[in-house]
Amino acid sequence: MTVTDLSLERNGRLILDKARLSIDQGQITAIVGPSGAGKSSLIHVLNGSITPTSGVIHATDLGPLSSPTTWERMRKRTGTIFQGNALIGRLPALDNVLSGLVDTRHPLSLLPWSRVARARAMDALRQVDLLDRAFERTENLSGGEQQRVGIARALARQPRLLFADEPFSALDRPLAMRFCELFAASTRETGRTVVLVTHQLDLARAFADRVIGLRSGRIAFDGPTTLFDKEAERYVFSGNSNL
Ligand SMILES: Nc1ncnc2c1ncn2[C@@H]1O[C@H](COP(=O)(O)OP(=O)(O)OP(=O)(O)O)[C@@H](O)[C@H]1O
């Protein structure tokens, strides 16, 4: 996926400013930057939930994502873990995970979910260690457990492209490491592409192949993780360097 001159304006404010970047297939790309830099906005534009003010997003095999049809095809292969989870509390965890598969059946279908869909959702809950809580109301789960339901909902889609917006913010470190390992294994084994927004720079350094640093809506760093040293970090987070 390549992005050219992507700008996003909201309420008269420029949130993304002519961003140019590429997301390499089968790799983990970490997006880092200060709070308010535009990381979530970038994810929302890349997953097609917000239309940018200008710019082109180009998918390797679909071409420019300029029509509803190309976006529909693109969305089918993506999954998103949302910052803040975006779950429905009164529903059981399993139903929240199944809601991630809603575009795999007719939108007005009143039929129960297919066995295949339920098996995929249960398998995703197994991957996040919540199989035994599948029928529990989501609002009765802890913050970290709810975040894992959000992760399961994205994983159930078996996406070729996974957008993860602060997916580990409510998890303890061993669990965050475990999920990073899970993401890394899926890139190795299935060629999945992962775009990970995180404030946990040590995790980005340990697991990402590439780092994109955003500052005030502009790309301030874009390169292999090995080059994202302390000086690059200072530049992205404070701008006090002449890198
Ligand atoms: N719906 C909206 N309408 C107007 N402005 C918005 C909207 N959503 C976000 N913004 C603004 O866009 C800017 C970037 O927000 P965004 O959530 O993308 O930043 P972020 O880098 O993900 O921040 P954080 O690390 O705090 O989650 C912020 O100044 C925010 O106030």
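If you read the sequence from its start, that first residue is 1, and numbering goes on from there. Remember, it's 1-based here, ligands and their atoms both numbered in the order they're listed.
Here is the list of ligand 1 atoms found below 4.0 Å of a heavy atom in Q83: 27 (O). For ligand 1, the atoms lying closer than 4.0 Å to a non-hydrogen atom of H199 are 25 (O). Set against the non-hydrogen atoms of N11, the atoms of ligand 1 under 4.0 Å away are 3 (N), 4 (C). Those atoms of ligand 1 with a heavy atom of I15 less than 4.0 angstrom away are 11 (C), 12 (O), 13 (C), 14 (C). Less than 4.0 angstrom separates some heavy atom of R13 from each of these atoms of ligand 1: 29 (O), 31 (O).
Under a cut-off of 6.0 angstrom, the local environment of CZ in R77 is crowded, with over 12 non-hydrogen atoms contributed by other residues, nucleotides or ligands. Shown here is R218, whose CZ atom has no more than 12 heavy atoms of other residues, nucleotides or ligands within 6.0 Å. Other residues, nucleotides and ligands place no more than 12 heavy atoms under 6.0 Å from the CD atom of Q25.
Atom 26 (O) of ligand 1 has its closest protein heavy atom at S35 OG, 2.6 Å. Given atom 18 (O) of ligand 1, the protein heavy atom at minimum distance is S41 OG, 2.6 Å. The protein atom (non-hydrogen) at minimum distance from atom 23 (O) of ligand 1 is G36 N, 2.8 Å.
Put simply, the side chain of I31 does not reach to within 4.5 Å of the side chain of L196, judged on heavy atoms.
Checked against the 6.0 Å centroid criterion, the rings of F228 and F221 qualify as a close aromatic pair. Aromatic pair F168/F183: centroids less than 6.0 angstrom apart.
Among R10, E9, K39, the residue whose heavy atom lies closest to atom 9 (C) of ligand 1 is R10. By heavy-atom distance, the residue among G84, G38, P34 lying nearest atom 19 (O) of ligand 1 is G38. Compare S40, S216, S169 by their heavy atoms: the one nearest to atom 22 (O) of ligand 1 is in S40.
Judged by the shortest distance from any of its heavy atoms, A37 lies inside the 4.0 Å radius around the atoms of ligand 1.
Note on L91: it does not cluster hydrophobically with L94, by side-chain heavy-atom contacts below 4.5 Å among ILVMFWY residues. When the side chains of ILVMFWY residues are joined at heavy-atom separations under 4.5 Å, either directly or via intervening members, L182 and F207 end up in a single hydrophobic cluster.
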